[in-house]
Amino acid sequence: MSIRFMFALPRYPTRKKFRPFAAILASIIALPAFADTRTGEITFVRDVDTLVLNETPIRLNGVDGPEMNTPEGQAARLWMIDYLSGKTLHCELSGGRSHDRYIGICFANGHDIGAAAIRAGHALDCQKFSNG
């Protein structure tokens with residue numbers, strides 16, 4: 001016959017009790033990446049759908065422009081440079097990323113510049129991302 005000893009070990013919190021804390025901590029750390037705004041003058045125009053604002057590359061949400069290795073792409077870039085000349089931009093970043101670029105909607109003097117490029121015929125509306 002064997003004797004069993006029942007030890008009363010102290011109970012330490014299990015991982016399950018810390019899961020809500022971990023979720024809150026993760027959301028706090030990730031919070032700045034979601035809703036962000038940038039204001040300033042354009043420092044560079046890569047093409048009709050990608051701008052650089054204060055060293056931040058921004059991909060215009062829902063705008064699909066021609067590639068730079070085509071005559072249409074060159075013309076669209078020159079149009080964008082002319083359109084933005086001397087204007088202050090206000091960009092609302094969604095938190096999404098596309099390669100090295102942040103995705104957002106940018107406004108010049110209160111007008112959506114992506115929509116302006118589409119109206120001018122230099123880009124297409126990518127409805128999957130722009131919601132029309």
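- When the side chains of ILVMFWY residues are joined at heavy-atom separations under 4.5 Å, either directly or via intervening members, Ile118 and Ile113 end up in a single hydrophobic cluster.
- Leu60 places a side-chain heavy atom less than 4.5 Å from the side chain of Leu51.
- Although no hydrogens or angles enter the test, the distance criterion places no donor-acceptor pair under 3.5 Å between the side chain of Thr50 and the main chain of Asp47.
- A 4.5 Å side-chain heavy-atom check between Ile58 and Arg101 finds every atom pair outside the cut-off.
- Residues forming a ring-ring contact (aromatic ring centres under 6.0 Å, His included) with Tyr83 (at least two apart in sequence, or on another chain): Trp79.
- Within the 4.5 Å cutoff, the side chain of His90 has heavy atoms near those of the Thr37 side chain.
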Derivation and outcome, salt bridge (charged side-chain N to carboxylate O under 4.0 Å, His left out), residues Asp125 and Arg119
CA-CA 9 Å; Asp125 179 18; Arg119 277 193 305 275; over 6 Å; no

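- Side chain of Asp112 to backbone of Gly114: a donor-acceptor contact under 3.5 angstrom is found.
- Judged by distance alone, with hydrogens and angles left aside, the side-chain atoms of Gln74 form a donor-acceptor pair with the main-chain N or O of Met68 at under 3.5 Å.
- Closest approach of Gly40 to Asn54, counting heavy atoms only: CA-ND2, 4.0 Å.
- Inter-residue side-chain proximity for Ile103 and Arg97 is flagged as unmet; no heavy-atom pair is nearer than 4.5 Å.
- In this structure, Arg59 forms no cation-pi arrangement with Tyr102, as its terminal cationic atom is not both closer than 6.0 Å to the ring centre and no more than 45° off the ring axis.
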